[in-house]
Amino acid sequence: MTVPVIAIDGPSASGKGAVAHQVAEALGFHCLESGALYRLVALAGPEHPEQTARAMQVTFQGGRIFLSGQDVTDKLREEAVGARASDVAQCPEVRRALLERQRAFRRPPGLVAEGRDMGTVVFPDAALKVFLTATPAVRAQRRHKQLIDKGIDANLAALSRDLAQRDERDAARAVAPLAPAPDALQLDSSERPLAQVVGLILGWCRERNLGGRA
Ligand code: DC
(Lines give C-alpha, C1' and ligand atoms only; values in the text may rest on other atoms or scores of the structure.)
Protein backbone atom coordinates (compact mmCIF):
# COMPACT_ATOMS: atom_id res chain seq x y z
CA MET A 1 0.00 0.00 0.00
CA THR A 2 1.37 3.45 -0.82
CA VAL A 3 2.16 5.73 2.09
CA PRO A 4 -0.24 8.71 2.03
CA VAL A 5 1.16 12.21 1.55
CA ILE A 6 -0.52 15.52 2.32
CA ALA A 7 1.13 18.29 0.29
CA ILE A 8 0.91 21.87 1.54
CA ASP A 9 2.40 24.47 -0.82
CA GLY A 10 2.35 28.24 -0.83
CA PRO A 11 4.39 31.44 -0.70
CA SER A 12 6.75 32.54 2.11
CA ALA A 13 5.12 33.29 5.46
CA SER A 14 1.73 31.91 4.44
CA GLY A 15 1.81 29.81 7.60
CA LYS A 16 2.73 26.52 5.90
CA GLY A 17 5.32 25.49 8.50
CA ALA A 18 3.09 25.83 11.55
CA VAL A 19 0.07 24.37 9.76
CA ALA A 20 2.03 21.36 8.44
CA HIS A 21 3.47 20.58 11.89
CA GLN A 22 0.07 20.70 13.58
CA VAL A 23 -1.63 18.61 10.90
CA ALA A 24 1.19 16.03 11.11
CA GLU A 25 0.95 15.97 14.90
CA ALA A 26 -2.84 15.47 14.83
CA LEU A 27 -2.57 12.62 12.32
CA GLY A 28 0.54 11.03 13.80
CA PHE A 29 2.33 11.56 10.45
CA HIS A 30 5.93 12.56 9.71
CA CYS A 31 6.56 16.14 8.61
CA LEU A 32 8.87 17.48 5.89
CA GLU A 33 9.73 21.17 5.80
CA SER A 34 11.32 21.11 2.34
CA GLY A 35 12.49 24.74 2.49
CA ALA A 36 14.94 23.64 5.19
CA LEU A 37 16.81 21.54 2.60
CA TYR A 38 17.25 24.54 0.27
CA ARG A 39 18.27 26.65 3.26
CA LEU A 40 20.82 23.96 4.23
CA VAL A 41 22.34 24.05 0.74
CA ALA A 42 22.55 27.85 0.94
CA LEU A 43 24.24 27.61 4.33
CA ALA A 44 26.55 24.67 3.63
CA GLY A 45 28.00 25.46 0.25
CA PRO A 46 26.58 28.30 -1.77
CA GLU A 47 29.54 28.21 -4.16
CA HIS A 48 29.03 24.54 -5.15
CA PRO A 49 25.31 24.14 -4.54
CA GLU A 50 24.79 21.06 -6.70
CA GLN A 51 27.58 19.08 -5.07
CA THR A 52 26.46 20.25 -1.62
CA ALA A 53 22.85 19.20 -2.26
CA ARG A 54 24.08 15.67 -2.98
CA ALA A 55 26.77 15.31 -0.32
CA MET A 56 25.69 17.35 2.73
CA GLN A 57 25.19 15.37 5.93
CA VAL A 58 21.87 16.30 7.44
CA THR A 59 20.04 14.91 10.46
CA PHE A 60 16.55 15.91 11.59
CA GLN A 61 16.13 15.01 15.25
CA GLY A 62 13.68 16.11 17.94
CA GLY A 63 12.64 19.23 16.02
CA ARG A 64 16.29 20.29 15.50
CA ILE A 65 18.32 20.23 12.29
CA PHE A 66 22.00 19.21 12.25
CA LEU A 67 24.49 19.84 9.46
CA SER A 68 27.59 17.63 9.77
CA GLY A 69 26.66 17.13 13.43
CA GLN A 70 26.26 20.83 14.21
CA ASP A 71 22.87 22.24 15.32
CA VAL A 72 21.99 24.88 12.68
CA THR A 73 18.24 25.17 13.40
CA ASP A 74 18.28 28.84 14.42
CA LYS A 75 20.81 29.90 11.82
CA LEU A 76 18.63 28.37 9.08
CA ARG A 77 15.72 30.64 10.01
CA GLU A 78 17.63 33.83 9.27
CA GLU A 79 16.16 35.99 6.50
CA ALA A 80 19.49 36.19 4.68
CA VAL A 81 19.67 32.38 4.51
CA GLY A 82 16.09 32.29 3.15
CA ALA A 83 16.98 34.75 0.41
CA ARG A 84 20.07 32.72 -0.57
CA ALA A 85 17.94 29.56 -0.51
CA SER A 86 15.55 31.11 -3.01
CA ASP A 87 18.60 31.73 -5.23
CA VAL A 88 20.04 28.21 -5.07
CA ALA A 89 16.51 26.83 -5.57
CA GLN A 90 16.59 28.18 -9.14
CA CYS A 91 19.26 25.67 -10.09
CA PRO A 92 17.72 22.58 -11.77
CA GLU A 93 20.62 20.35 -10.64
CA VAL A 94 20.07 21.33 -7.01
CA ARG A 95 16.35 20.56 -7.29
CA ARG A 96 17.09 17.19 -8.87
CA ALA A 97 19.67 16.33 -6.20
CA LEU A 98 17.17 17.14 -3.44
CA LEU A 99 14.34 15.12 -4.98
CA GLU A 100 15.34 11.76 -3.50
CA ARG A 101 16.19 13.30 -0.13
CA GLN A 102 12.66 14.68 0.04
CA ARG A 103 11.00 11.47 -1.13
CA ALA A 104 12.89 9.51 1.57
CA PHE A 105 10.66 11.24 4.15
CA ARG A 106 7.67 9.27 2.85
CA ARG A 107 7.45 6.62 5.54
CA PRO A 108 4.49 4.91 7.26
CA PRO A 109 2.05 5.88 8.58
CA GLY A 110 2.15 9.00 6.35
CA LEU A 111 3.78 12.33 5.57
CA VAL A 112 2.77 15.98 5.63
CA ALA A 113 5.14 17.80 3.25
CA GLU A 114 5.26 21.57 2.92
CA GLY A 115 7.05 23.79 0.39
CA ARG A 116 6.59 25.18 -3.10
CA ASP A 117 6.42 22.10 -5.34
CA MET A 118 5.27 19.28 -3.05
CA GLY A 119 2.01 18.70 -4.93
CA THR A 120 3.36 19.46 -8.40
CA VAL A 121 6.80 17.80 -8.60
CA VAL A 122 7.94 15.93 -5.50
CA PHE A 123 4.70 14.12 -4.56
CA PRO A 124 2.38 14.48 -7.57
CA ASP A 125 0.39 11.49 -6.30
CA ALA A 126 -0.32 13.14 -2.89
CA ALA A 127 -3.68 12.10 -1.43
CA LEU A 128 -4.50 15.70 -0.51
CA LYS A 129 -2.98 18.90 -1.94
CA VAL A 130 -3.50 22.26 -0.28
CA PHE A 131 -2.32 25.60 -1.64
CA LEU A 132 -2.10 27.95 1.32
CA THR A 133 -2.06 31.69 0.69
CA ALA A 134 -2.42 34.95 2.60
CA THR A 135 -2.32 38.54 1.42
CA PRO A 136 1.17 40.09 1.12
CA ALA A 137 0.38 42.52 3.96
CA VAL A 138 -0.66 39.72 6.34
CA ARG A 139 2.39 37.64 5.44
CA ALA A 140 4.76 40.54 6.05
CA GLN A 141 3.12 41.19 9.45
CA ARG A 142 3.40 37.52 10.41
CA ARG A 143 7.08 37.35 9.47
CA HIS A 144 7.69 40.64 11.33
CA LYS A 145 6.06 39.26 14.49
CA GLN A 146 8.03 35.99 14.23
CA LEU A 147 11.31 37.90 14.10
CA ILE A 148 10.44 40.38 16.85
CA ASP A 149 9.30 37.50 19.10
CA LYS A 150 12.72 35.93 18.60
CA GLY A 151 14.39 39.18 19.60
CA ILE A 152 15.57 39.91 16.05
CA ASP A 153 15.29 43.51 14.92
CA ALA A 154 13.05 43.79 11.83
CA ASN A 155 11.60 46.48 9.63
CA LEU A 156 8.09 45.87 8.27
CA ALA A 157 8.52 47.83 5.02
CA ALA A 158 11.83 46.12 4.21
CA LEU A 159 10.36 42.69 5.03
CA SER A 160 7.40 43.38 2.77
CA ARG A 161 9.75 44.24 -0.07
CA ASP A 162 11.92 41.15 0.52
CA LEU A 163 8.92 38.82 0.61
CA ALA A 164 7.56 40.26 -2.64
CA GLN A 165 10.94 39.82 -4.34
CA ARG A 166 11.32 36.26 -3.07
CA ASP A 167 7.80 35.30 -4.23
CA GLU A 168 8.45 36.78 -7.62
CA ARG A 169 11.67 34.79 -7.97
CA ASP A 170 10.04 31.55 -6.71
CA ALA A 171 7.07 31.96 -9.07
CA ALA A 172 9.08 33.05 -12.13
CA ARG A 173 11.81 30.39 -12.10
CA ALA A 174 11.86 27.96 -15.02
CA VAL A 175 11.96 24.75 -12.96
CA ALA A 176 9.19 23.82 -10.51
CA PRO A 177 7.90 27.36 -10.03
CA LEU A 178 5.64 28.20 -7.10
CA ALA A 179 2.18 27.40 -8.47
CA PRO A 180 -0.85 25.50 -7.25
CA ALA A 181 -1.28 21.95 -8.59
CA PRO A 182 -4.40 21.76 -10.76
CA ASP A 183 -5.99 19.44 -8.18
CA ALA A 184 -4.97 21.51 -5.11
CA LEU A 185 -7.56 22.95 -2.72
CA GLN A 186 -6.85 26.65 -2.22
CA LEU A 187 -7.03 28.06 1.28
CA ASP A 188 -6.60 31.73 2.18
CA SER A 189 -5.37 32.01 5.77
CA SER A 190 -5.38 35.84 5.94
CA GLU A 191 -8.48 36.12 8.13
CA ARG A 192 -8.25 32.72 9.77
CA PRO A 193 -6.47 31.80 12.98
CA LEU A 194 -4.03 28.88 12.81
CA ALA A 195 -6.38 26.47 14.62
CA GLN A 196 -9.12 27.10 12.07
CA VAL A 197 -6.79 26.48 9.10
CA VAL A 198 -5.58 23.23 10.72
CA GLY A 199 -9.20 22.22 11.45
CA LEU A 200 -10.24 22.76 7.83
CA ILE A 201 -7.35 20.64 6.52
CA LEU A 202 -8.05 17.87 9.06
CA GLY A 203 -11.68 17.92 7.86
CA TRP A 204 -10.48 17.37 4.26
CA CYS A 205 -8.28 14.52 5.55
CA ARG A 206 -11.27 12.87 7.23
CA GLU A 207 -13.28 13.14 4.01
CA ARG A 208 -10.47 11.18 2.33
CA ASN A 209 -10.02 8.69 5.18
CA LEU A 210 -6.48 9.92 5.83
CA GLY A 211 -4.85 9.32 9.20
CA GLY A 212 -6.25 7.09 11.90
CA ARG A 213 -5.99 9.71 14.65
CA ALA A 214 -7.77 12.60 12.81
O1 DC B 1 9.85 27.73 2.86
P2 DC B 1 11.17 28.47 3.05
O3 DC B 1 11.01 29.95 3.21
O4 DC B 1 11.99 27.86 4.16
O5 DC B 1 11.99 28.22 1.68
C6 DC B 1 13.19 28.89 1.40
C7 DC B 1 13.40 28.97 -0.10
O8 DC B 1 13.61 27.66 -0.64
C9 DC B 1 12.20 29.52 -0.88
O10 DC B 1 12.29 30.92 -1.08
C11 DC B 1 12.24 28.80 -2.19
C12 DC B 1 12.96 27.53 -1.90
N13 DC B 1 12.07 26.36 -1.87
C14 DC B 1 11.79 25.76 -3.08
O15 DC B 1 12.21 26.26 -4.12
N16 DC B 1 11.03 24.63 -3.12
C17 DC B 1 10.54 24.11 -1.98
N18 DC B 1 9.80 22.99 -2.03
C19 DC B 1 10.79 24.73 -0.73
C20 DC B 1 11.56 25.87 -0.71
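Numbering of ligands and ligand atoms starts at 1, following listing order. Just so we're clear, the structure is a prediction, and the values are computed from it rather than from any experiment.
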Under 4.0 Å between a side-chain nitrogen and a carboxylate oxygen: does that hold for Asp167 and Arg116?
no

* To do: Please determine if Lys150 and Asp74 form a salt bridge, counting it only when a charged side-chain N lies under 4.0 Å from a carboxylate O.
  => no

*asked:* Under a 3.5 Å threshold, yes or no: a donor from one side chain and an acceptor from the other, between Arg142 and Ser190?
replied: no

Worksheet item: Is the closest side-chain heavy-atom distance between Val121 and Leu99 below 4.5 Å?
Response: yes

Q | Cluster link Val122 to Leu98, ILVMFWY, side chain under 4.5 Å | A | yes

query: Mind checking whether Phe66 and Phe60 have ring centres under 6.0 Å apart?
result: no

One pair per line, please: each N/O atom of ligand 1 matched with every protein N/O atom under 3.5 Å away, atom names first, then the distance to 0.1 Å.
| unit_1 | atom_1 | unit_2 | atom_2 | d |
| --- | --- | --- | --- | --- |
| ligand 1 | 1 (O) | Arg116 | NH1 | 2.8 |
| ligand 1 | 1 (O) | Arg116 | NH2 | 3.4 |
| ligand 1 | 3 (O) | Arg39 | NH2 | 2.9 |
| ligand 1 | 3 (O) | Arg116 | NH2 | 3.4 |
| ligand 1 | 3 (O) | Arg166 | NH1 | 3.2 |
| ligand 1 | 4 (O) | Arg39 | NE | 2.6 |
| ligand 1 | 4 (O) | Arg39 | NH2 | 3.3 |
| ligand 1 | 10 (O) | Arg166 | NH1 | 3.1 |
| ligand 1 | 10 (O) | Asp170 | OD2 | 2.9 |
| ligand 1 | 15 (O) | Arg95 | NH1 | 2.8 |
| ligand 1 | 15 (O) | Arg95 | NH2 | 3.4 |
| ligand 1 | 15 (O) | Arg173 | NH1 | 2.9 |
| ligand 1 | 15 (O) | Arg173 | NH2 | 3.0 |
| ligand 1 | 16 (N) | Arg95 | NH2 | 3.0 |
| ligand 1 | 18 (N) | Ser34 | OG | 3.0 |
| ligand 1 | 18 (N) | Arg116 | N | 3.1 |
| ligand 1 | 18 (N) | Asp117 | OD1 | 2.9 |

